[in-house]
> 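I have a structure I would like to understand better, so I am pasting it below and will then ask my questions one at a time.
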Amino acid sequence: MENEPVWYVAYGSNLFRERFRCYLSGGRPKGGARHYPGCRDPRPARAVAPVTLPGGIYFAMESPTWGGGMAFYDPDLPGRAAARAYLLSRPQFCDVVSQEMWRDTGVDVDLTEAVRAGRQRLGPGRYETVLRVGERDGRPMLTFTAPAPHGPADLNAPAAAYLGMLGNGLREAHGWTAARAASYLCGRPGAAGTWRPEKVTALISGPGRPGG
């Protein structure tokens, strides 16, 4: 079981395949301030699928890559969260987690607790809690998020470049229109009341991308 692949479930900027490529093969995403070292195995995911999860996302804290709030998943929020599942090898998933935790890649993490119990805390940091959010084709579906639910003081509106990346990821993964993606993002805690759908629609359907 240790060498069998797992589904990495992305609900933030990694919804956008080109942005996720930086985690696999290295690079700096457009609009981001950070260069990613990539995985030991830089090959693309073995399979990709649109999925939704029970719960929702919210924007909180301050992103060192984008500025503004970052997306986190909370299974106890109402509704469903739009996501995208990538089938990765265990070492690839471990390297993706390490990059999110700002740790060195190349270290295999024992994911037994996450797979069996549904939750595993790898550390106190922002994306250091791994959750099992389901199963697909007999493989566990894993994501990572903050160790505790958000509080009002933690919420923070996301930056324009980050929202645009998420919006284009939703369009690419789920086939949504720019307007639908904008409405979804503007309704999330942290963005609600700060970003208006028409502004986010413009970020998503900018130059080189069709409107809708």
> Is the Tyr127 to Phe72 ring centre distance short of 6.0 Å?
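Under 6.0 Å, so yes.
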> Tell me whether Arg40 at atom CZ has more than 12 heavy atoms from other residues, nucleotides or ligands lying less than 6.0 Å away.
yes
> For residues Leu131 and Val9, determine if any side-chain heavy atom of one lies less than 4.5 Å from a side-chain heavy atom of the other.
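No - every pair of side-chain heavy atoms lies 4.5 Å or more apart.
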> Let me confirm one number: the CG-OG distance from Asn168 to Ser13, rounded to the nearest 0.5 Å.
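Going from the CG atom of Asn168 to the OG atom of Ser13 covers 12.0 Å.
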> According to salt bridge (charged side-chain N to carboxylate O under 4.0 Å, His left out), who are the partners of Glu113, at least two apart in sequence or on a separate chain?
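For Glu113, no residue satisfies salt bridge (charged side-chain N to carboxylate O under 4.0 Å, His left out) once neighbours in sequence are set aside.
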> Would you name the heavy atoms of Tyr184 and Ala82 that are closest together and state the gap between them?
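Answer, listing the atom of Tyr184 first, then Ala82: OH-N, 3.1 Å.
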> Return the set of residues passing side-chain contact (heavy atoms from CB on, under 4.5 Å) with Pro78 (not counting sequence neighbours), or none when no residue passes.
none
> Test: side-chain hydrogen bond (donor to acceptor under 3.5 Å, both in side chains). Region: residues 152-162. Which pairs qualify, not counting sequence neighbours?
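For residues 152-162, and leaving out neighbouring residues, the side-chain hydrogen bond (donor to acceptor under 3.5 Å, both in side chains) pairs sorted by first residue read Glu62-Asn156.
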> What salt bridge (Lys or Arg N to Asp or Glu O under 4.0 Å) pairs are there with at least one residue in residues 184-196, not counting sequence neighbours?
Arg196-Glu198
> Please set out all donor-acceptor pairs under 3.5 angstrom arising from side-chain atoms of residues 44-61, sequence neighbours excluded.
residue: Thr52; atom: OG1; partner: Arg80; partner atom: NE; Å: 3.0
residue: Thr52; atom: OG1; partner: Arg80; partner atom: NH2; Å: 3.4

> Is there a side-chain contact between Asp41 and Pro91 (heavy atoms, below 4.5 Å)?
no
> Hey, mind stepping through Thr143 and Tyr11 against side-chain contact (heavy atoms from CB on, under 4.5 Å) and telling me if it holds?
CA-CA 8 Å; Thr143 193; Tyr11 54 82; 3.2 Å; yes
> If we check side chain to side chain contact (heavy atoms under 4.5 Å, CB included) with Leu122, which of these qualifies: Thr129, Asp110, Val130?
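Only match with Leu122 under side chain to side chain contact (heavy atoms under 4.5 Å, CB included): Val130.
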> Would you check if Arg180 and His174 make a side-chain contact, meaning some heavy-atom pair closer than 4.5 Å?
no
> Look up atom CG in Leu24 and atom CD in Gln99, then write down how far apart they are to the nearest 0.5 Å.
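Separation between the atoms: 8.0 Å.
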> For Glu100, enumerate each residue passing the side chain to side chain donor-acceptor pair (under 3.5 Å) test, keeping only those at least two apart in sequence or located in another chain.
Tyr23
> Quick one, Trp195 and Leu185 - any side-chain contact, counting heavy atoms below 4.5 Å?
no
> For Pro42, enumerate each residue passing the side-chain contact (heavy atoms from CB on, under 4.5 Å) test, keeping only those at least two apart in sequence or located in another chain.
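Counting only residues at least two positions away or on another chain, Pro42 forms a side-chain contact (heavy atoms from CB on, under 4.5 Å) with Ser25.
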> Could you state the interatomic distance from CZ (Arg90) to CG (Asp108), rounded to the nearest 0.5 Å?
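Atom-to-atom, Arg90:CZ and Asp108:CG are 10.5 Å apart.
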> Of all residues at least two apart in sequence or in a different chain, which pass the salt bridge (charged side-chain N to carboxylate O under 4.0 Å, His left out) check with Arg19?
none
> Check whether any side-chain heavy atom of Tyr86 sits under 4.5 Å from a side-chain heavy atom of Gln92, and report yes or no.
no
> Check whether any side-chain heavy atom of Thr65 lies under 4.5 Å from a side-chain heavy atom of Tyr36, and answer yes or no.
yes
> Using the test side-chain contact (heavy atoms from CB on, under 4.5 Å), find all partners of Asp137 that sit at least two apart in sequence or belong to another chain.
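With neighbours one apart ignored, the set is Trp7.
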> At what distance, to the nearest 0.5 angstrom, does CG of Leu88 lie from SG of Cys94?
10.0 Å
> For Gly190 and Pro158, which heavy atoms make the closest approach, and how far apart are they?
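Smallest interatomic distance, heavy atoms only, reads O-CD, 4.2 Å.
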> Heavy atoms only: give me the nearest Ala181-Gly167 pair and the separation to one decimal.
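Looking at all heavy atoms of both residues, the shortest contact is CB-O, 4.0 Å.
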> Run Cys39 and Val96 through side-chain contact (heavy atoms from CB on, under 4.5 Å) and show every step you take.
CA-CA 7 Å; Cys39 295; Val96 170; 4.0 Å; yes
> Considering residues at least two apart in sequence or located in another chain, which fulfil the salt bridge (charged side-chain N to carboxylate O under 4.0 Å, His left out) criterion with Arg139?
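Result, salt bridge (charged side-chain N to carboxylate O under 4.0 Å, His left out) vs Arg139: Glu4.
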> Looking at the rings of Phe144 and Tyr8, which for Trp means the six-membered one, are their centres under 6.0 Å apart?
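They qualify: ring centres under 6.0 Å apart.
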> Is there side-chain contact between Arg126 and Pro64, with heavy atoms separated by less than 4.5 Å?
yes
> Look up atom CG in Leu170 and atom CE in Met165, then write down how far apart they are to the nearest 0.5 Å.
12.5 Å
> Side chain of Arg103, backbone of Ser98: donor and acceptor closer than 3.5 Å?
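Here the side-chain-to-backbone pair does not exist.
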> Going by the rule side-chain contact (heavy atoms from CB on, under 4.5 Å), which residues pair with Glu18 if we only count those two or more places apart in sequence or in a different chain?
Phe16, Arg21
> Using a 4.5 Å cut-off on heavy atoms from C-beta on, say whether the side chain of Val97 contacts that of Val109.
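Not touching, per the 4.5 Å side-chain cut-off.
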> Name all residues meeting the side chain to side chain donor-acceptor pair (under 3.5 Å) criterion together with Ser183; count only those two or more places apart in sequence or in a different chain, and write none if there are none.
none
> So which heavy atom on Gly12 is nearest to which on Ala71, and how close?
CA-CB, 4.2 Å
> Of all heavy-atom pairs between Ala10 and Leu15, which one has the smallest distance, and what is that distance?
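Smallest heavy-atom distance, with atoms named: O-CD2, 3.6 Å.
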> Quick one: pull up CG in Leu203 and CG in Leu166 and give me the separation to the nearest 0.5 Å.
11.5 Å
> Quick check: closest heavy atoms across Arg171 and Ile204, and the distance to 0.1 Å?
CD-CG2, 3.3 Å
